[in-house]
Amino acid sequence: MRQNLVAGNWKMNLTYQEGLALVEEIVRLNQANGAGPEVVLCPPFPFLTGVGQALPQGGKLHLGAQNCHQKESGAFTGEVSAKMLASVGCEYVILGHSERRQYFGEDDELLSQKLKAALAAGLKPIFCVGESLDTREADETFDFIGQQLAAGLFHLSNEEFAQVTVAYEPIWAIGTGRTATSAQAQEVHAFIREQIARAYDAQAALDTTILYGGSANAQNARELFSQPDVDGGLIGGASLKAADFTTIIQSF
Ligand code: 13P
């Protein structure tokens, strides 16, 4: 179901102790978030159990991971399966982040397998798409995003797709301080919703949560979230500061 949602992607930052201090502060600051958005914290793998234990049961704060392997188990040294993530209390997993695509060569085929693995383990994927600056300047943003959706995501059945949150993260805005304007974000979000309606149906499009990510912060979140097709944010840098992250959570 479509819902307001803010996810914090900690990426490869913090020590375990710093991570625990951060989550405790986030919990403290968000005790009154009764009517607010769903919140997902996505710390590095070794922190998951501890961060999960710090989250109040049954509330609006949820645990997510930043990646998972495509196989259920086996001889894949150093990898983590979706089933393992579910077993430590993860409800969500980020897939298709541009950093995974760029630095780890994750392509549509691999991401399709990861999506299936995540769904089979009962996880809700947060599936990222987004264009590079070159693609935007060549005026090919819509073609590119349409292709990422068609090749990576739209192979899912209606039931599977209903579990997915989409995140639009323009690569040129990630970690650069250069946020998409709210109009740029809205335009692409509306396009994504349109593509979902074509691939599935109008109701599926209306029901899908679509997040914006890329230099979203405490100052610009309200303007971004005020757009009709922007249902929340996938936050990197600003999710590492409890006060900023809380301001973002309160920006609806
Ligand atoms: P920043 O918010 O640091 O730009 O990162 C966005 C992001 O990649 C979240 O997944």
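Every number for a ligand or one of its atoms is a count from 1 in the order of the listing.
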For this session: Output all residues satisfying salt bridge (charged side-chain N to carboxylate O under 4.0 Å, His left out) with Glu160, sequence neighbours left out; order by chain, then residue number.
Result: Lys116

For this session: Run the numbers for me: atoms of ligand 1, each under 4.0 Å from some heavy atom of Gly214, listed by number.
Result: 4 (O), 6 (C)

For this session: Kindly say whether Ala197 contributes a backbone atom to a donor-acceptor pair with the side chain of Asp201 at under 3.5 angstrom?
Result: no

For this session: Give a yes or no on whether the backbone of Leu111 and the side-chain of Glu106 come within a donor-acceptor separation of less than 3.5 Å.
Result: no

For this session: Please report which non-hydrogen protein atom sits nearest to atom 5 (O) of ligand 1, along with the residue it belongs to and the distance in Å to one decimal place.
Result: Lys11 NZ, 3.3 Å

For this session: Report yes if some N/O of Gly175 lies less than 3.5 Å from some N/O of ligand 1; otherwise report no.
Result: yes

Exercise. Does some side-chain heavy atom of Thr165 sit less than 4.5 Å from a side-chain heavy atom of Pro125?
Worked result: no

Exercise. Side-chain contact, heavy-atom cut-off 4.5 Å: Ser112 with Leu156?
Worked result: no

For this session: Check ligand 1 against Ala173 and write out every atom of the ligand that is under 4.0 Å from a heavy-atom position of the residue.
Result: 4 (O)

Seminar exercise, completed: Residues at least two apart in sequence or cross-chain that pass ring-ring contact (aromatic ring centres under 6.0 Å, His included) with Tyr200, listed by chain then number, are Phe154, Phe161

For this session: Using distance alone, determine whether Asn9 and ligand 1 share an N or O pair under 3.5 Å.
Result: yes

Problem set entry | Heavy atom of the protein closest to atom 3 (O) of ligand 1 (residue, atom name, distance) | Gly237 N, 2.8 Å

Problem set entry | Distance from atom 9 (C) of ligand 1 to nearest protein heavy atom, with residue and atom | Glu169 OE2, 2.9 Å

For this session: Check the angle between the aromatic planes of Phe142 and Phe191 and answer parallel, tilted or perpendicular using the 30° and 60° thresholds.
Result: tilted

Exercise. What residue and atom, counting heavy atoms only, is the protein's closest point to atom 2 (O) of ligand 1, and at what distance?
Worked result: Gly236 N, 2.9 Å

Exercise. For ligand 1, which atoms, with element, lie under 4.0 Å from some heavy atom of His97?
Worked result: 7 (C), 8 (O), 9 (C), 10 (O)

